[in-house]
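Since the structure comes first, as structure tokens, the remarks are kept for the end.
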Amino acid sequence: MCRPEYFAVTYAINPWMDPATGADRAVAIRQWDALHAAYLELGHQVSLIDPIDGLPDMVFAANGALVVDGRVYGARFAHAERGDEGPAYLKWLCANGFTDTLEPAHVNEGEGDFLTLDEVILAGTGFRTDTAAHLEAQEFLGRPVVTLQLVDPRFYHIDTALFPLGGDNVCYYPGAFSAGSQAVLRHLFPDAVIAGAADADVLGLNAVCDGANVVINAEATGLIDELSTRGYHPIPLDLSELRKAGGGPKCCTLELRR
Ligand code: ARG
């Protein structure tokens, strides 16, 4: 994770961002501190990367890389504003023992567009990550990568529209995906939890599930009820200030899979 010490909304690279409104950094830090505390409370080990002045979106650690089986597929950002984040995350990972790395030839925004399940990696495209990166990741990581087409600019990364429920099921908002990709998701996950527009609109799909607990935006009340009914334990958090940049709990979290 990366504490939002330089967080700001000074440019707009997704429809959630409005530089005229901006964001309150002190509030963002307080909300992020609560997310960090929630992970520690759950017993998860959390490592921190130093934030860098001039990279206001660096708090969104999910975009920094994709780490599977201890191997690191580096990020290469679509927008120049975030360009320096890829090398910064790669440098941190190398310095912290992840030396099996690939500097990507193709545009990809790390775990924002690659979600790892037991058998497959679900990969988004349409707004940020190039399909050539899906193949590049598959070849490097030796895991099958399933390409899914995103169609709504508010859900510009796959992690804004879908999250894994453990290793073999998912929760998603169908409206973010093309008709063909919706069919693929129905085929792969007949038992998926389906979210509605109201929960998607508060970035309720940008959640983190460890198989039992689900760290999720508190405003996603319908989804929180549904997840409880299905036997999961929701942990609702207020990350409204970070949503002004288009991010939620998952965006702030890069998983280091050894
Ligand atoms: N402002 C950031 C961007 O548009 C938000 C990134 C959110 N991260 C994520 N994993 N969805 O790039």
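Note that the structure is a prediction, hence the values are computed from the model and not measured. Counting convention: from 1, in listed order, for ligands and their atoms alike.
- Residue-level contacts of ligand 1 at the 4.0 Å heavy-atom threshold are Ile13, Asn14, Met17, Asp57, Phe60, Ala62, Asn63, Arg82, Gly112, Arg128, Tyr156, His157, Asp159, Thr160, Ala245, Gly246, Cys251.
- Atom CG of Asp50 has 12 or fewer heavy atoms from other residues, nucleotides or ligands within 6.0 Å.
- Residues His106 and Asp130 bring no donor and acceptor atom of their side chains to less than 3.5 Å of each other.
- Ring pair His134/Phe114: centre-to-centre distance below 6.0 Å.
- Between the side chains of Thr253 and Tyr39, at least one donor N or O lies within less than 3.5 Å of an accepting N or O.
- Every pair passing side-chain hydrogen bond (donor to acceptor under 3.5 Å, both in side chains) that includes a residue from residues 165-178 is listed here, sequence neighbours excluded: Ser178-Ser181.
- The pair Asp152-Arg154 counts as a salt bridge, with a side-chain nitrogen and a carboxylate oxygen less than 4.0 angstrom apart.
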